[in-house]
Structure formats: C-alpha cells, structure tokens
Amino acid sequence: MLTNAPRGTKDILPDTVGDWLYVEDNIRSLCRRFGYQEIRTPMFEHTELFQRGIGEGTDVVDKEMYTFTDRGDRSITLRPENTASAVRAYLQNKLYADNALTKLFYIGSMFRYDRPQAGRMREFHQFGVEAIGESNPAVDAEIILLAMKLLQGLGLNDLELYINSVGCPTCRAKYRTMLQDFFRDKLDDLCEDCRSRFDRAPMRILDCKRDAEKPYMKDAPKITDCLCDECSDHFQKLQKHLTKAGVKFELDPRLVRGLDYYTKTAFEVKYPPLGAQSAVAGGGRYDGLIEEMGGNPTPAVGFATGLERVLLALEKQGLLPDNNRSVDVYVVALGEAAQEEAFKLVMDLRDAGFSAAVDYAGRSMKAQMKQANKLGAKFAAIMGDDELSEGVVMLRDMAGSEQEKVPVNELINKLK
RNA sequence: GCGGUCGUGGUGAAGUGGUUAACACACUGGAUUGUGGCUCCAGCACGCGUGGGUUCGAUCCCCACCGAUCGCCCCA
C-alpha cells in the first residue's frame, strides 16, 4: 500500500516526461498562433461550482466527484473538468472588461472517481480551450479546427469528427415533446432504462445501446429538423466554415448534451484504434452557462482533449519522438586524486554549456567506460595518474575510437 | 457501479500439490591489474500481489481483499 500510488493514478516517470513535454509544446505553440492565452485555475473549487456548472443529473456530478469537507467545514471538490473553473475565473476577475472575446486555454490534472482502464484514469490530464463572448459560428469552427490541427499536427490520421447541433432551450423544448409523442406508443417495447428516460431525458433514448437496433429508431425525429431559424442558420454556417477549411466531418444526431445551458454546436473527435475509450476530444457551445453562474448572458464555446488518450494514440502509431538525451563528455577518473580533478573538470564543462557526467562510486575504468557508452557519451575524457602529472586528459571519441592527449585548460576550446 | 481475464526476480516469461522455482534480457563482477560497444564465465527470487482457509504439505486448490487489463456504463 505504502509503495503503491492510489488506484487510478500514475507516476509520469523521467523516460516519459519527454513525451508529455512534446505534446505540451505543440499545444502551446498552436494556442499562441490561434491567440489563446493560458490560464491556470485551482485544482479544487467549491463543490457548488461544479454542481451548477456541470449540472446535477450528470454522471460526473452525481457519482464521479472527489468531494470532501475541509477543516473549515466547506465542501470542496477536486475539479473534474476545467470549464466551470475557467468561467468562474472569467467572472471573478472580470476578464470581459478587457476584450469582447476572451480566448483561454489550460493544461492540467482533472479528477474523476471512475473505474480505471486503459485511457481512463482517476487523475487524468486535459488540454482545453474556452472562447467566451462571441456567438458567431466561426468561433465554433475555429475551436474545432484547433482541436483537429493539434491532433493532425502530431501525426494522427484516422481521426473522425462528428458534429451536431442541440439547439437552444426553445427548439429543444419543441423537440422534446416531438420525441415523447414519437415514443409514447412504443414505451412497452423499450428497455427499462429508456422507459425511465422518457420523462427525464427523452433525448437519451436515442443513444441507448440496447434499443439501437429497433427498426423504428431511424424514423425518430431528429433535433436538427426542429431547430429554430437562428440555430439552424448557425449550424449551416458552421458546416460551411468547416468545409471551406477542408475538414471532413460527419453529422451525428445522437451526439447530445443533457443540460439546458449547452446550446447549438456539439462535437466529438474519435480515434477508433483506441477501442472503448476512443473519444479523444469533445466540446461544444454553452451559451447559457455564464448566465447560469450569475454573469450577464454571454455566449461561449469550448472543448477539451484527454492527454492520456492522445499519448496512447501517438504511442500506438509510433509517433512519439525519441528523446534520448546523450551526454557530451563522460569524465573517467582513476584514483582519488584524479577524482578530485575530474569533479572540477565536470563542473567547468557544465559551466561552459556541455552536459558532462562522472562516476562517484570509484568504479573500475572498464565500468566507467561502459557507463559512458550507455549514456551515449560523445567523448570520454580519461584522467589517470599519468594524465594528471602531465596536466592533460585523454580525450576519446566514443564513436570513432581514436583518442589524443589534450591539455586540461584547452579541453573546452577543443570541444567547441 | 456491473461482467470477463490476469497478478511468479529489475523486466519479459516457463512451471509443479511435496528435494536446489526454468530460460531470456537487464544489472554487477571477472576473463582484459588504464579503455566501452562483440564474445565467454560467474553472481543475482529465505520467494511466486495481500490476508485467510483446505491439506501431513501450497506458488500451484478454495474464499476475500488489493491491483492491472478488456468490455458495459459514462466520458477526455
């Protein structure tokens, strides 16, 4: 127990950190080009923030939150996602005062109490983006393109982009009754879950796996047929923008969000080779959220991508760069006097900008040479009694195996 | 939260109800008392996820727990 990280958590070890940095560097440079600025919000917030911002009735809020009472008797929750916090920070710090459109991105740990499996951790990492303050569908398109470009830029090819519109509260209310009318006489044929969804969340019946094969399912009304003029226009324009940008997408009427403040655009990016956890990115518009949280009505769009899943996909495709760090100079010291000199030499080399290593264990020359080889040292600088008395170092080119004596005080110039 | 599979050294991985738990790689040392990458030799699990139980005896059988993994649910 003592030597095991909690279930669903993982150490990111030195040999993997390079992969993360690689992805994060890509994210930061892409966001800079798209004009999104990084924001870092607290890892935990008041529980109510997520209850309001994500919504009661969602799995995330109802059964996946890490919630506890702190010593001041406040209910605190480890963030399960970052949109609610970003919006909170936007309102609290009045970011709307600086610009009509606020474009933010974040990278960080999120926490959900769920059953772990490949691509699903209790502590996991998301990169996400929020564009707050603009209702133009071009922003929806910009965000989708940002997600796609990130993934494609990393080399991922077999991506599938699904989009849908969930309308606004007005068209959704209309759609809801249409759906209920459609299913009312089929209730007896539906599964138990669906019967209970009928009143609460009739839209969810459409995604039911058990009832998916029922012949009448494909005749069910589609939300996109019920959109009001404004929502419909928005959806058309989004598609136009995507097409113009040369992105392929599929319409997926089953892509829904349950809560009222999710509006219009919903999208998801899948990478099917990942299996069960193939959703790599997802997002959409939430024109109702800011008002729900006490701000002035403000339109906004965002998305998030799961970095573990992106990394899994990259690994699967062999798209991770090798980040083997090699050492410039390995100083081999023989004997105590040489060790002291070697220590000084290593420090001087490092000051001069080289990466340099020594052995501290007083091991045999052979062992030190082996180590130099293992570290991929370009040069070995050998210091024994002979070299010491001559004030030189035996500089050996590890690749070519030729070596020559070089005065210690000329070594750095020689290597440059 | 539900169902399936699995859990042996640093890693991969054989194995059996009963003496010394294969093998490979890695690692350490040596052959080469001042020279790596090849070769050869040697060393390296008081222990087979944890805790119970069955048994004369269990790593191998049973139960529970923990963990990993796959699928469902949900999502990133």
Side-chain angles (χ1 to χ4, degrees), chain A residues 1-10 15 54 57-64 79-83 106-129 147 150-151 191 193 197 204 207-210 255-258 266-271 274-284 302-313 327 330-335 338 359 361 363-388 393-403:
Chain A
M1 203 88 271
L2 214 53
T3 52
N4 278 93
R7 179 158 209 218
T9 67
K10 210 174 207 165
D15 63 340
I54 299 171
T58 58
D59 279 8
V60 171
V61 169
D62 289 351
K63 41 189 214 201
E64 295 175 0
R79 63 183 184 198
E81 52 101 68
N82 215 341
T83 300
Y106 57 81
I107 299 173
S109 290
M110 308 296 153
F111 306 86
R112 289 184 202 175
Y113 190 93
D114 200 343
R115 183 130 181 209
Q117 64 187 70
R120 184 206 275 164
M121 297 274 111
R122 287 182 176 176
E123 180 187 18
F124 62 106
H125 301 262
Q126 283 188 331
F127 152 59
V129 141
L150 172 69
L151 270 6
C191 74
D193 286 344
R197 285 172 183 141
R204 299 295 287 272
D207 310 276
C208 177
K209 303 290 182 291
R210 284 162 68 189
L255 201 58
V256 295
R257 309 263 134 139
F267 76 96
E268 193 166 282
V269 182
K270 283 194 178 175
Y271 187 72
L274 287 184
Q277 260 58 52
S278 65
V280 184
F303 87 91
T305 126
L307 296 185
E308 278 79 1
R309 291 183 187 180
V310 171
L311 260 340
L312 278 177
V327 170
Y330 191 95
V331 180
V332 174
L334 304 163
D359 167 64
R363 293 194 293 173
S364 69
M365 175 168 201
K366 184 190 163 90
Q368 294 187 50
M369 288 301 292
K370 266 189 168 175
Q371 184 66 11
N373 190 56
K374 201 171 88 178
L375 294 177
K378 296 185 192 68
F379 293 96
I382 301 161
M383 275 182 128
D385 293 338
D386 297 347
E387 287 81 3
L388 218 52
V393 116
M394 186 66 83
L395 186 65
R396 180 181 179 85
D397 180 328
M398 293 298 281
S401 294
E402 58 277 344
Q403 58 186 31

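Side-chain N or O atoms of A:Arg309 include one that pairs as donor or acceptor with a backbone N or O of A:Ala279 at under 3.5 Å.
Nearest heavy-atom pair, A:Phe127 versus A:Ile107, reported as atom, atom and distance to 0.1 Å: CD1-CG1, 4.1 Å. Among all heavy-atom pairs drawn from A:Tyr106 and A:Ala304, the shortest one is OH-CB, 3.7 Å.
A:Gln117 has its CD atom 13 Å from the P atom of B:rC74, to the nearest Å. The separation between A:Ile54 atom CD1 and B:rC75 atom C1' is 12 Å, rounded to whole Å. Straight-line distance from the CG atom of A:Asp359 to the C1' atom of B:rG36: 14 Å, rounded to whole Å.
With B:rG67, B:rC73, B:rG34 as the candidates, the nucleotide lying closest to the side chain of A:Arg7 is B:rG67. Of the candidate nucleotides B:rU69, B:rC73, B:rG34, B:rU69 has the atom nearest to the side chain of A:Ala118. Residue A:Tyr113 places its side chain closer to B:rG1 than to any other of B:rG1, B:rG30, B:rU35. Of the listed nucleotides (B:rC73, B:rG36, B:rA68), B:rG36 has the atom at the smallest distance from the side chain of A:Ser401. For A:Arg309, whose side chain is taken as the heavy atoms from C-beta onward, the closest listed nucleotide among B:rG34, B:rC75, B:rU35 is B:rC75. Side-chain proximity of A:Gln277 to the nucleotides B:rC74, B:rA68, B:rU35 is greatest for B:rC74.
Residue A:Glu268 is classed as having no contact, given no heavy-atom separation below 4.0 Å to the nucleic acid. Using a 4.0 Å heavy-atom cutoff across all strands shown, A:Met121 reaches at least one base atom of the nucleic acid.
One N or O donor and one acceptor, one from the side chain of A:Glu387 and one from the base of B:rG34, sit under 3.5 Å apart. Judged by distance alone, with hydrogens and angles left aside, A:Gln368 brings no side-chain donor or acceptor close enough to the base of B:rU35 to form a pair under 3.5 Å. Under 3.5 Å, the side chain of A:Asn373 and the base of B:rG37 form no donor-acceptor pair of N or O atoms. Not a single donor-acceptor pair, N or O on each side, falls under 3.5 Å between the base of B:rC74 and the side chain of A:Arg115. The base of B:rA76 is paired with the side chain of A:Arg112 by a donor and an acceptor separated by under 3.5 Å.
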With 3.5 Å as the limit, what N/O pairs link the protein to nucleotides 24-28 of chain B?
from	atom 1	to	atom 2	distance (Å)
B:rU28	OP1	A:Arg363	NH1	3.4

| message | What does the 5'-to-3' dot-bracket notation of RNA chain B look like when only Watson-Crick and G-U wobble pairs under 3.5 Å count, and pairs to other strands show as |? | response | (((((((..(((.....[....))).(((((.......))))).....(((((..]....))))))))))))....
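A side-chain N or O of A:Ser109 and one of A:Glu123 form a donor-acceptor pair less than 3.5 Å apart.
Nucleotides B:rU11 and B:rG71 place their P atoms 25 Å apart, quoted to the nearest Å.
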